[in-house]
Amino acid sequence: MTEPAFDEILPAVAGIVPTTDDRLLFVHNEVFDAWTLPMAAVEPGESLETALQHEVETASGLTADPVELTGVYSNPNVQAVQYELGELVHYVTTCYRCLPVDAPASLDAYPDAELFPIANHPYLGYMQRWLDDGLAAE
């Protein structure tokens with residue numbers, strides 16, 4: 001089997017953001033058209049923690065405080081994105097568990113964010129391991 005020809009390998013960050021009432025933050029990811037953990041590419045000169053905090057706040061209005069690194073994931077078979085101009089990027093994702101946050105009952109002002117009960121969240125596909133590892137770290 002031939003490996004795909006990646007144009008770049010880039011850092012990314014994802015977060016497990018629990019609430020004080022046992023829910024988890026998920027965001028609608030346009031690339032995958034699915035609910036996922038909050039995640040973002042890391043810009044040059046930006047720390048992983050800052051990138052995660054910015055992504056969570058922008059997507060949901062919540063404040064994330066990354067407290068524990070729970071894993072680094074690099075599966076080129078699933079952590080790859082082919083962009084419109086043809087560029088194929090492999091993302092290496094560092095995942096953090098964040099401190100629980102006080103969250104409103106609704107995130108209506110943020111249509112791409114949702115709080116799901118920990119026991120009843122959307123299926124994450126390959127990200128399920130990230131969530132399992134992060135929740136086990138508690």
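Nothing here was measured: the structure is a model prediction, and the numbers come from that model.
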Review point. Can you tell me if Tyr126 and Gln79 form a side-chain donor-acceptor pair at under 3.5 Å?
Key: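 On atom types as modelled, these side chains do not qualify, holding no pair under 3.5 Å.
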**Study point:** His28 side chain to Asp33 side chain, donor-acceptor N/O pair below 3.5 angstrom
**Key:**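 There is such a pair between these side chains.
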Heavy atoms only: give me the nearest [X]-[Y] pair and the separation to one decimal.
{"X": "Ala59", "Y": "Val27", "result": "CB-CG1, 3.7 Å"}
{"X": "Val92", "Y": "Ser74", "result": "CG2-OG, 3.6 Å"}
{"X": "Ala12", "Y": "Leu48", "result": "O-CD2, 4.2 Å"}

How far does [atom1] of [X] sit from [atom2] of [Y], to the nearest 0.5 angstrom?
{"X": "Thr36", "Y": "Glu30", "atom1": "OG1", "atom2": "CD", "answer": "11.0 Å"}
{"X": "Glu8", "Y": "His90", "atom1": "CD", "atom2": "NE2", "answer": "12.5 Å"}
{"X": "Glu49", "Y": "Gln53", "atom1": "CD", "atom2": "CD", "answer": "7.5 Å"}
{"X": "Leu24", "Y": "Thr19", "atom1": "CG", "atom2": "OG1", "answer": "7.0 Å"}
{"X": "Met127", "Y": "Leu131", "atom1": "CE", "atom2": "CG", "answer": "11.0 Å"}
{"X": "Leu25", "Y": "Leu107", "atom1": "CG", "atom2": "CG", "answer": "7.0 Å"}

Under the 3.5 angstrom rule, does the side chain of [X] hit a backbone N or O of [Y] as a donor-acceptor pair?
{"X": "Glu57", "Y": "Gly61", "result": "no"}
{"X": "Asn29", "Y": "Ala34", "result": "no"}
{"X": "Thr70", "Y": "Asp133", "result": "no"}

Practice item. State, with a plain yes or no, whether a side-chain heavy atom of Leu52 is found less than 4.5 Å away from one of Cys98. Key: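 Heavy-atom side-chain distance check passes, below 4.5 Å.
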Point to revise | Heavy-atom side-chain proximity of Leu115 to Leu62 below 4.5 angstrom | key: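 Yes, side chains in contact.
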**Study point:** Qualifying ring pair (Phe, Tyr, Trp, His ring centres under 6.0 Å) pairs with a residue from residues 38-88, counting only residues at least two apart or across chains
**Key:**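 Pairs touching residues 38-88 that pass the test: Tyr73-Trp130.
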Practice item. Output all residues satisfying side chain to side chain contact (heavy atoms under 4.5 Å, CB included) with Val67, sequence neighbours left out; order by chain, then residue number. Key: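 Val67: side chain to side chain contact (heavy atoms under 4.5 Å, CB included) contacts with Asp65, Arg97, Leu99.
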Check your understanding: Pick from Phe26, Trp35, Phe116: which one makes a ring pair (Phe, Tyr, Trp, His ring centres under 6.0 Å) with His121?
Key ->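 The residue from Phe26, Trp35, Phe116 that satisfies ring pair (Phe, Tyr, Trp, His ring centres under 6.0 Å) with His121 turns out to be Phe26.
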If you look only at distance, which donor and acceptor atoms sit under 3.5 Å apart when one is on a side chain in residues 37-47 and the other is two or more places apart or in another chain?
from  : atom 1 : to    : atom 2 : distance (Å)
Glu46 : OE1    : Glu43 : N      : 3.1
Ser47 : OG     : Thr50 : N      : 3.0
Ser47 : OG     : Thr50 : OG1    : 2.8

